[in-house]
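Here it is, the structure in full.
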Protein chains: 2
Amino acid sequence: MKDTREVTIYDIARQLHISPATVSRGLNNHPAVSKKTRQKILEVAQALGYRSNTFASNLRRQHTNTLGVIVPKLNSHFVSSVLAGIEKVANEAGYNLIISQSLESAQKEVANANTMFKSRVDGLIVSLAFDTQDLSHFNPFFKKGIPVIFFDRVEQSLPSSTHIIIDNEKAGYQATEHLIQQGCRHILHITGNLTRNVYADRLKGYQEALKAYGLPFHETDVIVSMLDEKSAWETGRQIANMHPLPDGLFVANDTFAAICMQALKEKGIRVPDDIAIVGFNDDLVSRVVEPPLTTVHYPGQEMGELVARHLINHLQGTVPLTHTHTIIIHSELIVRQSSLRNPQR
Amino acid sequence: MKDTREVTIYDIARQLHISPATVSRGLNNHPAVSKKTRQKILEVAQALGYRSNTFASNLRRQHTNTLGVIVPKLNSHFVSSVLAGIEKVANEAGYNLIISQSLESAQKEVANANTMFKSRVDGLIVSLAFDTQDLSHFNPFFKKGIPVIFFDRVEQSLPSSTHIIIDNEKAGYQATEHLIQQGCRHILHITGNLTRNVYADRLKGYQEALKAYGLPFHETDVIVSMLDEKSAWETGRQIANMHPLPDGLFVANDTFAAICMQALKEKGIRVPDDIAIVGFNDDLVSRVVEPPLTTVHYPGQEMGELVARHLINHLQGTVPLTHTHTIIIHSELIVRQSSLRNPQR
DNA sequence: TCAAATTTTGAAACCGATTTCATAATTTTT
DNA sequence: AAAAATTATGAAATCGGTTTCAAAATTTGA
């Protein structure tokens, strides 16, 4: 037998011969209610199995206590760490989360944004899809003054919003520099859509490093890819057939790097001896391939916590949004076998 | 300048000199409103930038058009495929999604369930955490008649709910049989918490296969693990030191299998020649390790679509929930190098 | 002890859409 | 053309908390 009737504050009020107003206040720890009554209210609420009706509440106060999150894909170590971080902070602050994935499609990202808008999230956290150019789907949020905060995949041209990112240029520089220091002289850079900051900046770093060490930069050494599994295999095989063979690879993500490496090995090319490889993200896969992959680590959980905290602080008025912020968080190169030319014992 | 005032059906009504009731009907395609008025309503709504207030709506009709999803972890290929499937079907049917991860902790799963309950989801989709024993956190849903549907990680003892799973016993049997056919005579099975159906059933399949081929079963050949990265390395090294060495490994997931393989190789053990390995899940990692991993594939997206469709059908009254269903969907063994003892050609 | 200050409480309006029931407008029947 | 049937619209109640404003109860001060 299912109980179908919901318990409301009116039920509690009736039972205690007090007004619903007082019950509401009691339930919300409003200071203007005596300990005794609050205590009694809590007890009766408990006994009756009361649960607050979020809709009534949301309708009256004009906010939802809900944060929206749009990410490109859920199944990466990085993204799910970020999410864990966001969830932690959001939970502690009493915020709910609506999460959706754009699956790297700008079109789906637009749909997601619209859904979030209709759901009236109090704030939005976004990491852009691969091919998002036009950002007008966030205009409704801007117009309404709903804060939108971007992380990792951002669009810095955007006038008034906060970005939380790593220093991709520096990371790109370090990765490339490392390869050079390992003796590489002809380094390919495999990357994604160059309109996306993360890829554009890493490329910049790559170029800077080449210049700093007096190596020439060739347009043809930069391979722009969709970064999906299929192109990874193709690209890997393609590289294996190059003549002359490059001696270094700086790849925009670990999965792609791992697949390339596999493809190269199948063609009898030795890593790192013939080609040294550096990936990006410190995904689990970087640790299980043979040889283990040198990569750039950046702290997902921490980033998520920071993003969420920042957004919530803003929502609670602690921090005014006056100016655009760009917050840069730490990243580091993790050196493993795939790039070590002269193993130091 | 942000516009702060929300447009309501009253604004539309005023503008057209009609009643809010008619506007509401017009917006909802209620039959009792003439094409002409509906048309006008739609136009004005558009012009004014009206967006329906979900809370008012939810408050009045007593449902949310929202589905809750609780999964153990977001960052696996399987889970994110399932989610994509769920999202597709839910979107098409006009349902929103609230997604949360239990991070394999029963405690967090309870918290998630409570949040979902407070959010008044119309239905709940769950894949259980690693160590969830007690299912009482779903009681509120059962009591209220809110449908809960389980997939993959289920608890079949549960009286009245639907389960959508693969035939883990069969998959376990096939994996083990394959190893036996490749000449393995001493096969270890590495698995997770045996109270969880997926692991218990695969173990059963493993035992059945041994029996069918006249091989002895030893308790000590079953290694129960937390299945995290750290234990994977430890277990791998442990196995490498076994004496005598087993000649086959059937591992409960690809990540763990990949790490084990790596650990074995580091100790100079050849795969598949010394030890043949079969994983589970067909995660991307299974394709990039060396040698590629034999594994069990099961269709996440399809499973997600099925789960969502089933739930929504039920919610819309198409399908009565009268009896418990168990729906079994197809899975298959994908043979790759990690288990091929006698490469054909 | 009585007035002033402070703390608690309640009545009623409100948030915005939905829906019932009645009425007005239109169409069909005879 | 009048009556009957059908269709379209509106008034008002409702969903369940929150909040303003005023009043009641209690405490403090002199």
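These numbers come from a predicted model, not from an experiment.
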Presence of A:Ser19 side-chain N/O under 4.0 Å of C:dG10 phosphate oxygens OP1/OP2: yes
Members of residues 40-56 of chain B that approach DNA chain D, where some heavy atom sits under 4.0 Å away: none
Chain A footprint on DNA chain D, 5' to 3' - any atom under 4.0 Å from a heavy atom: D:dG16 to D:dT20
B:Ile164 and B:Phe150, any side-chain heavy atoms less than 4.5 Å apart: no
Residue met sooner reading DNA chain C from 5', once B:Arg25 and A:Tyr10 are mapped to nucleotides: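 Closest to the 5' end, via its nearest nucleotide, is A:Tyr10.
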B:Leu16 and B:Val44, any side-chain heavy atoms less than 4.5 Å apart: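 Counting from C-beta outward, B:Val44 and B:Leu16 do come under 4.5 Å.
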A:Glu87/B:Lys108 ion pair, N-O < 4.0 Å: yes
For DNA chain D, the residues among residues 28-38 of chain B that have a non-hydrogen atom under 4.0 Å from it: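 Heavy-atom contacts with DNA chain D come from B:Pro31, B:Ala32, B:Val33, B:Ser34, B:Thr37.
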Gap between atoms CD1 and P, on B:Ile12 and C:dT18 respectively (whole Å): 11 Å
Axial cation check for B:Phe130 ring with B:Arg196, 6.0 Å and 45° limits: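 Not flagged: B:Arg196 not positioned over aromatic ring of B:Phe130.
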4.5 Å side-chain heavy-atom contact, A:Val198 and A:Asp152: yes
Flag if over 12 foreign heavy atoms under 6.0 Å of CD, B:Gln107: no
